[in-house]
Amino acid sequence: PQIARKFQLHRLQMIGIPLIMLVPILALFGLFGQTAGSVSDTNAQLEMHVDYPTRFRYKMMHAGTVSIQNLSGQPMPTVTVNFDRAYLGNFSNVTFTPDVKFITDMAYVVELTDLQPQETRIISIEFQAEKYGQHQGAITAAPTGAPAVQVSLDTFIFP
């Protein structure tokens, strides 16, 4: 028998095909690419500025920087910078420059000594994405005997 051929889409296909086409279009606009963010906090004595990845892929290496500036007119003998261990636990191959002074149950601790007035020090961190999903944490910097500054971090790791 002769059967007339015609193009036909079922209801599920009419919904699914545009959704499948949406993925490469979103990728072209950079939705699935790497992004970086910056956060800052300041008080009368200290300013902290953090550049970190907000989105990147599993097993990729990425770097971040933490800048600490003494805004006061007095030298600071010690500034303690705490990196949230729950946040960094989602990454592997974590390296700090300068090195970590010690590690507690809650934080990786880097100490900056003899921070002169208006001087800025930079802490570099390099890490590899190890766990998928959204990860949140904080970095806190406090000079001895003075109020702390704190910033929150939020990173998404694609599979």
- prompt: With a 4.5 Å heavy-atom cut-off, do F83 and V100 have their side chains touching?
  reply: no
key: ILVMFWY network linking M61 to Y58, side-chain heavy atoms under 4.5 angstrom   = no
**Message:** Is there a path of hydrophobic side-chain contacts, each under 4.5 Å between heavy atoms, that joins V39 and V79?
**Reply:** yes
Donor-acceptor pairs are to be reported for all side-chain atoms of residues 143-156 against protein atoms at under 3.5 Å, with residues two or more places apart or in another chain.
{"residue": "T144", "atom": "OG1", "partner": "T78", "partner atom": "O", "Å": "3.3"}
{"residue": "D154", "atom": "OD1", "partner": "Q134", "partner atom": "NE2", "Å": "2.3"}
{"residue": "D154", "atom": "OD2", "partner": "Q134", "partner atom": "NE2", "Å": "3.1"}
{"residue": "T155", "atom": "OG1", "partner": "P53", "partner atom": "O", "Å": "2.8"}
{"residue": "T155", "atom": "OG1", "partner": "Y87", "partner atom": "OH", "Å": "2.5"}

Counting only heavy atoms not in L22, do more than 12 fall under 6.0 Å of its CG?
yes
One should read off an interatomic distance between R55 CZ and I157 CD1, to the nearest 0.5 angstrom, of 13.0 Å
Determine whether a donor-acceptor pair (N or O, by modelled atom type, separation under 3.5 Å) exists between the side chain of R85 and the backbone of T104.
yes
Q) With a 4.5 Å limit on heavy-atom distance, are the side chains of K59 and Q128 in contact? A) yes
Worksheet item: With hydrophobic residues grouped by side-chain heavy-atom distances under 4.5 Å, do F7 and I17 end up in a single group?
Response: yes
Distance col, row Q45:CD vs L115:CG, nearest 0.5 angstrom, shows 11.0 Å
* Would you call the rings of F91 and F56 parallel, tilted or perpendicular, where under 30° means parallel and over 60° means perpendicular? -> parallel
| query | Can you check whether E119 reaches Q69 side chain to side chain, under 4.5 Å on heavy atoms? | reply | no
CG of D99 to NZ of K101, rounded to nearest 0.5 Å, is 10.5 Å
query = Quick one: does R121's side chain have a donor or acceptor within less than 3.5 Å of a partner on N70's backbone?
reply = no
For A107 and N82, the nearest pair of non-hydrogen atoms, with its separation, is CB-CB, 3.9 Å
Requested in this report: Without swapping roles, check the side chain of E126 against the backbone of V94 for a donor-acceptor pair under 3.5 Å.
Outcome: no
Rounded to the nearest 0.5 Å, the CD1 atom of I139 sits from the CG atom of D41 at a distance of 11.5 Å
Legend entry - Connected via hydrophobic side-chain network under 4.5 Å: I122 and V109: no
- Task: Would you confirm whether R57, through its side chain, and F32, through its main-chain N or O, come within 3.5 Å as a donor-acceptor pair?
- Result: yes
#### Entry: Beyond-backbone contact of E111 with T80, side-chain heavy atoms, under 4.5 angstrom
yes
Single-linkage hydrophobic cluster, 4.5 Å side-chain cutoff, F96 and V66 together = yes
S67 meets the side chain to side chain donor-acceptor pair (under 3.5 Å) criterion, sequence neighbours left out, with none
Does T120 reach the side chain of H49, with side-chain heavy atoms less than 4.5 Å apart? no
What one should report as the nearest heavy-atom pair of L112 and P98 is CD2-CG, 4.2 Å
More than 12 non-hydrogen atoms from neighbouring residues, nucleotides or ligands closer than 6.0 Å to CE on M21, yes or no?
-> no
Exercise. Is T42 reaching over with its side chain to a backbone N or O of E47, donor-acceptor style, under 3.5 angstrom?
Worked result: no
Residues at least two apart in sequence or cross-chain that pass side chain to side chain donor-acceptor pair (under 3.5 Å) with Y52, listed by chain then number, are none
NE2 (H135) and CG (L88) are apart, to the nearest 0.5 Å, by 11.0 Å
When every non-hydrogen atom of G73 is compared with those of P117, the smallest separation belongs to O-CG, 3.4 Å
In this structure, OG1 of T65 is separated from CG of D51 (nearest 0.5 Å) by 4.0 Å
